[in-house]
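Along the sequence shown, residues carry numbers from 1.
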Amino acid sequence: MSQNASAAPVTVACSLVDTSTYATRYIEVDQIVFDVEAQLVDMRSAKTVGTSDFVNWIFTTRKHGPFDDLFTMRGGANWFTGGGVSNSTPYAMKLTQDGLFVMTYVYRGGTEVLRWQCAG
């Protein structure tokens with residue numbers, strides 16, 4: 001496996017397999033875009049792309065509301081890892097070479113973990 005950053009964004013299809021949270025905001029995610037060059041992860045619901053009800057969460061460094069979101073990532077041919085702060089919430093995420101995508105974040109004083117199985 002190459003450990004050099006990919007230049008082109010990589011899009012994978014995913015299915016949620018496990019969650020420690022009752023929060024429903026991420027359960028619709030079934031497609032994730034990793035863009036190392038842009039330092040961006042876009043988690044979205046593929047069926048809503050191009051509609052007025054587009055469902056997505058973007059993790060990147062940007063001004064977002066009253067907060068500055070900070071995000072950094074690395075990746076290779078089929079793995080990515082990243083982390084940062086979005087809307088004052090700390091996140092860590094990783095796509096392993098076998099397609100398991102794990103996202104962990106701290107919410108209301110506890111740690112939340114979600115896992116998706118991805119292919120693409």
**Q** Please step through side chain to side chain donor-acceptor pair (under 3.5 Å) for the pair T96 and D98, ending with a clear verdict.
**A** CA-CA 5 Å; T96 63; D98 61 356; 2.2 Å; yes
**Q** For C14 and I32, run side chain to side chain contact (heavy atoms under 4.5 Å, CB included): C-alpha distance rounded to whole Å, both residues' side-chain angles, the deciding distance at 0.1 Å, then the answer.
**A** CA-CA 7 Å; C14 302; I32 303 172; 3.8 Å; yes
**Q** Quick check: Y91 with Y107 (ring centres under 6.0 Å apart)?
**A**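 Ring-ring flag for Y107/Y91: false, centres at least 6.0 Å apart.
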**Q** What's the spacing between D53 CG and K47 NZ if we round to 0.5 Å?
**A**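 Reported value, rounded in 0.5 Å steps: 11.0 Å.
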**Q** If I compare all heavy atoms of S88 with all of F67, which pair ends up nearest, and what's the gap?
**A**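 For S88 versus F67, the nearest heavy atoms are CB-CE2, 4.0 Å.
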**Q** Hey, is the main chain of E37 close enough, under 3.5 Å, to the side chain of D35 for a donor-acceptor pair?
**A**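 Answer holds: yes.
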**Q** Donor-acceptor pair, distance only, cut-off 3.5 Å: does the side chain of T48 make one with the backbone of V55?
**A**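 It does hold such a pair.
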**Q** With no hydrogens and no angle check, just 3.5 Å: does a side-chain donor-acceptor pair link Q117 and S15?
**A**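 Looking only at side-chain atoms, S15 and Q117 do not form any donor-acceptor pair under 3.5 Å.
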**Q** Yes or no on side chain to side chain contact (heavy atoms under 4.5 Å, CB included) for V33 and V41, after CA distance, side-chain angles and deciding distance?
**A** CA-CA 6 Å; V33 179; V41 173; over 6 Å; no
**Q** Just by modelled atom types, is the Q39 backbone N or O under 3.5 Å from a matching donor or acceptor in the T60 side chain?
**A**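 Yes.
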**Q** Looking at NZ of K94 and CE of M73, how far apart are the two atoms once the value is rounded to the nearest 0.5 Å?
**A**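 The distance works out to 11.0 Å.
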**Q** Rounded to the nearest 0.5 Å, what separates atom CH2 in W116 from atom CE in M93?
**A**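 Taking CH2 in W116 and CE in M93, the distance rounds to 8.0 Å.
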**Q** To the nearest 0.5 Å, what is the distance between CH2 on W57 and OG on S86?
**A**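 These two atoms lie 11.5 Å from each other.
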**Q** Which other residues end up in the same hydrophobic cluster as F54, if Ile, Leu, Val, Met, Phe, Trp and Tyr are linked when side-chain heavy atoms come under 4.5 Å apart?
**A**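 Members alongside F54: V49.
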**Q** For V36 and F34, run side chain to side chain contact (heavy atoms under 4.5 Å, CB included): C-alpha distance rounded to whole Å, both residues' side-chain angles, the deciding distance at 0.1 Å, then the answer.
**A** CA-CA 6 Å; V36 174; F34 300 92; 5.7 Å; no
**Q** Within this structure, what is the CG-CZ distance for the pair N87 and F59, rounded to the nearest 0.5 Å?
**A**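 Separation between the atoms: 10.0 Å.
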**Q** Could you check L95 against C118 for side chain to side chain contact (heavy atoms under 4.5 Å, CB included), going step by step and ending with a plain yes or no?
**A** CA-CA 8 Å; L95 176 68; C118 303; 4.2 Å; yes
**Q** When rounded to the nearest 0.5 angstrom, what is the spacing between CG in N56 and CE in M43?
**A**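 Answer for the CG-CE pair, N56 versus M43, is 10.5 Å.
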**Q** Return each pair, listed once, that meets salt bridge (Lys or Arg N to Asp or Glu O under 4.0 Å) where at least one residue sits in residues 7-18; pairs must be two or more places apart or across chains.
**A**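 Those involving residues 7-18 are D18-R115.
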**Q** Under 3.5 Å, is there a donor-acceptor pair between the side chain of D69 and the main chain of T61?
**A**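 No, D69 side chain to T61 backbone: no donor-acceptor pair under 3.5 Å.
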**Q** Should Y105 and Y26 be marked as a ring-ring contact (aromatic ring centres under 6.0 Å, His included) after you check the CA-CA gap, both sets of side-chain angles, and the distance that decides it?
**A** CA-CA 12 Å; Y105 63 99; Y26 299 115; 5.7 Å; yes
**Q** Grouping I, L, V, M, F, W and Y whenever their side-chain heavy atoms are under 4.5 Å apart, do V10 and L40 come out in a common cluster?
**A**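 Unlinked, V10 and L40 end up in two clusters.
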**Q** For R74, does the CZ atom have more than 12 heavy-atom neighbours from other residues, nucleotides or ligands under 6.0 Å away?
**A**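 No, CZ of R74 has 12 or fewer neighbouring heavy atoms, counting only those of other groups under 6.0 Å.
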**Q** Would a single hydrophobic cluster contain both M103 and V106, if residues Ile, Leu, Val, Met, Phe, Trp and Tyr are joined by side-chain heavy-atom contacts under 4.5 Å?
**A**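 No: no chain of side-chain contacts under 4.5 Å links V106 to M103.
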**Q** Flag yes if I27 and V29 sit in one hydrophobic cluster, no otherwise; membership is Ile, Leu, Val, Met, Phe, Trp, Tyr, and two members link when side-chain heavy atoms are under 4.5 Å apart.
**A**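 Yes, because I27 and V29 connect within a single hydrophobic cluster, where side-chain heavy atoms sit under 4.5 Å apart.
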